[in-house]
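Step one of this worksheet: look at the structure below.
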Amino acid sequence: MRPIRLPEPPSPTLGVPEIFENGAYSVIRRAVVIGNGFPGSENQSLGLIHALGLADNHVLYRVTRPSGGINEWLRWLPVSLHKILHSIIMRIYSYSRFIVSRGKKLAPLPSENRGSVGLSSILEADSKQIVNMARESYEKDGPLLVVASGRDTISIASSIKRLASEKVFLVQIQHPRSDLSRFDLVVTPRHDYYALTPQAQEQIPRFIRKWITPHETPDQHVVLTVGALHQIDFAALHSAASTWHDEFAPLPKPLLVVNIGGPTCRCRYGMELAQQLSAFLTNVLVNCGSVRISFSNRTPKKVSNIIIKELANNPKVYIWDGEEPNPYMGHLAWADAFVVTADSVSMISEACSTGKPVYVMGSERCIWKLADFHKSLRERGVVRPFTGSEDISESWSYPPLNDTAEVARRVHDVLAERGLRVRP
């Protein structure tokens, strides 16, 4: 009879905190997001945090700039220099008020950060503070994941990495146009490298190339995406479908959702495009059950007014007024098809993550890297141009864009190479 082997006695290391496994602080359980106050930018960082399973264990810090008045002309400067100049201007202004104040009433200078409302709830990004937190909590909580997005966050994020390189793992979203070795990973869309192509060299003036393009081809620090990262996944859409069920389930089908952004320097349009879009939507109304239209914060009044004038009285059309709860997630979950203006990489990326038909309006007005982005989507069969002759009841599909999940997998791989892993 074979003897029964009893279980080995517990190892002396059992019960030791998991971060000490393999003799190293190997588990990342928390994250810091460094944002710039722009939803489209911060949403990318939060999307990655969500995909990594750290949505419930992160802290948002924000790089803020002075705003209002002359500050709007200083936004192209680095944040630190902008704040110094703002301080000097404020001192000069205060001195001028003192000199001329007798008998005169001066209008107040626009306040910083658009007033004080809500400032107490914003954590100002301070590299030394975040570094101290990473160091002081390292033995208890392990390494810190730092995810930053946008130009204004670059100096803060890279300073954190330089001062606490062994205690943080830094992911910078959007190409920093600087030395990539300052970051552990850089996540950026493929079209950011468009300006290095031969055709772009002919289109883009030499004196501005260094401001809009990386100087070198991507190296091992770079993860390339098709579009923008975001927080839209199956779970988010399933939740939104349930939340908005009562409002959207009764609507006649097919439901066409129209998301309208605003012109940018690389995708200019105005009243002409608005009139064309109104005409195209009028044409497709015959084969739509319902049409729901939303404007973004960037939509000019002259554009929205035309759309409202031409379509608001049609019984099939609903235009969100910005006052009621934002139906954006409900639109993504319940739409049968989308029309999206070409200016917004984020809105197009989110619509394309659903696998539903996406029609783009105005891509022919885009230039340089934004035009390259639209070309890549058309070549993948992900989008089609909106012409006004579409049968919205026709369904077509494609492999949904899944950049956020793919980047999360890449982060896991790089962490594993360094003996690290993420565990919420």
Parallel, tilted or perpendicular: which describes the rings of Tyr398 and Trp396, with under 30° parallel and over 60° perpendicular?
tilted

Are any side-chain N or O atoms of Tyr318 and backbone N or O atoms of Ala312, one a donor and one an acceptor, separated by less than 3.5 Å?
no

Locate the shortest heavy-atom distance separating Pro189 from Val226; write the atom from each residue and the value.
CB-O, 4.2 Å

Beyond-backbone contact of Leu48 with Val407, side-chain heavy atoms, under 4.5 angstrom
yes

Return yes when atom CG of Asn297 has more than 12 non-hydrogen atoms of other residues, nucleotides or ligands closer than 6.0 Å, and no otherwise.
no

At their closest point, which heavy atom of Arg30 faces which heavy atom of Ala134, and how far apart are they?
NH2-O, 4.0 Å

Got Pro143 and Tyr138 here, is their nearest side-chain heavy-atom distance under 4.5 Å?
yes

Does any N or O in the side chain of Ser363 come within less than 3.5 Å of the main-chain N or O of Ala342, such that one atom is a donor and the other an acceptor?
no

Are more than 12 heavy atoms from other residues, nucleotides or ligands located less than 6.0 Å from atom NZ of Lys309?
no

If you round to the nearest 0.5 Å, how far is CG of Asp184 from NZ of Lys161?
3.5 Å

Taking the side chain as every heavy atom from C-beta outward, state whether Leu237 and Ile232 have any pair of such atoms under 4.5 Å apart.
yes

Check whether any side-chain heavy atom of Ile160 lies under 4.5 Å from a side-chain heavy atom of Val32, and answer yes or no.
no

Please check: side-chain N/O of Asp403 versus main-chain N/O of Ala228, any donor-acceptor pairing under 3.5 Å?
no

Side chain to side chain, Arg421 and Val27, heavy atoms closer than 4.5 Å:
yes

Taking atom types as modelled, is there a side-chain donor on Gln172 or Thr153 under 3.5 Å from an acceptor on the other?
yes

Asn36 and side-chain contact (heavy atoms from CB on, under 4.5 Å): which partner among Gln174, Arg62, Glu42?
Glu42

Separation between OG (Ser137) and CG (Leu144), nearest 0.5 Å, reads 7.0 Å

Side-chain (Trp334) to main-chain (Ala241) donor-acceptor, under 3.5 angstrom
yes

Counting neighbours of CD on Glu166 that are heavy atoms of other residues, nucleotides or ligands and sit closer than 6.0 Å, is the number greater than 12?
no

Applying side-chain contact (heavy atoms from CB on, under 4.5 Å), run through Val339 and Leu277 and close with a yes or a no.
CA-CA 10 Å; Val339 171; Leu277 176 58; 4.2 Å; yes

Minimum heavy-atom separation for Cys366 to Leu370, with atom names?
SG-CD2, 3.7 Å

Between Glu350 and Asn259: side-chain donor-acceptor atoms closer than 3.5 Å
no

Find the distance between NE2 (His50) and OG (Ser45) and round it off to the nearest 0.5 Å.
14.5 Å

One should read off an interatomic distance between Leu415 CG and Ile28 CD1, to the nearest 0.5 angstrom, of 4.5 Å

When the aromatic ring centroids of His191 and Trp368 are compared, is their separation below 6.0 Å?
no

Can a donor-acceptor pair be found, under 3.5 Å and without considering hydrogens, that links the side chain of Lys356 to the backbone of Ala333?
yes

Salt bridge (Lys or Arg N to Asp or Glu O under 4.0 Å) evaluation trace for Asp192 with Arg177
CA-CA 10 Å; Asp192 259 3; Arg177 272 67 172 173; 3.3 Å; yes

Decide whether Thr387 and Glu390 meet the rule of one side-chain donor and one side-chain acceptor closer than 3.5 Å.
yes

So does Glu272 have more than 12 non-hydrogen atoms from other groups sitting under 6.0 Å from CD?
no

His374 and Val383, any side-chain heavy atoms less than 4.5 Å apart:
no

Heavy-atom count check: over 12 atoms from other residues, nucleotides or ligands less than 6.0 Å from Arg418 CZ?
yes

Verify the neighbour count for atom CG of Asp321: are there more than 12 heavy atoms of other residues, nucleotides or ligands below 6.0 Å?
yes

Audit row: His230, Ser353, side-chain contact (heavy atoms from CB on, under 4.5 Å) steps and yes/no:
CA-CA 9 Å; His230 50 74; Ser353 72; 3.6 Å; yes

What distance separates Glu310 CD from Ile308 CD1, expressed to the nearest 0.5 Å?
11.5 Å

Just by modelled atom types, is the Ala55 backbone N or O under 3.5 Å from a matching donor or acceptor in the His58 side chain?
yes

Does Lys301 offer a backbone N or O that forms a donor-acceptor pair with the side chain of Asn305 under 3.5 Å?
yes

Are the side chain of Ser278 and the backbone of Ala274 linked by a donor-acceptor contact shorter than 3.5 Å?
yes

Option from Leu256, Val258, Leu332 for which side-chain contact (heavy atoms from CB on, under 4.5 Å) with Phe338 holds:
Leu332

State, to 0.1 Å, how close Leu251 and Ser290 come at their nearest heavy-atom pair, and which atoms those are.
CB-OG, 3.7 Å

Distance col, row Thr264:OG1 vs Arg365:CZ, nearest 0.5 angstrom, shows 12.5 Å

Residue Arg384 excluded, over 12 heavy atoms near CZ under 6.0 Å:
yes

Take Ile173 and Val147, measure what side-chain contact (heavy atoms from CB on, under 4.5 Å) needs, and give me the verdict at the end.
CA-CA 7 Å; Ile173 300 175; Val147 181; 3.8 Å; yes

Short side-chain to backbone donor-acceptor contact, Ser149 and Ser41, under 3.5 Å:
yes

When you look at Met361 and Leu273, which way does the side-chain contact (heavy atoms from CB on, under 4.5 Å) test go after all the steps?
CA-CA 9 Å; Met361 182 71 188; Leu273 185 74; 3.7 Å; yes

Any heavy-atom pair between the side chains of Pro327 and Trp244 that's under 4.5 Å?
yes

Non-hydrogen atoms of Arg298 and Pro263 that approach each other most closely:
NH1-O, 4.1 Å

Testing the basics here: between Ile260 and Met347, what is the closest heavy-atom pair and its distance to 0.1 Å?
C-CE, 4.0 Å

Do Phe169 and Val414 have side chains that approach each other closer than 4.5 Å (heavy atoms only, starting at C-beta)?
yes

Quick one: does any side-chain atom of Thr341 pair with a main-chain N or O of Gly261 as donor and acceptor, under 3.5 Å?
yes

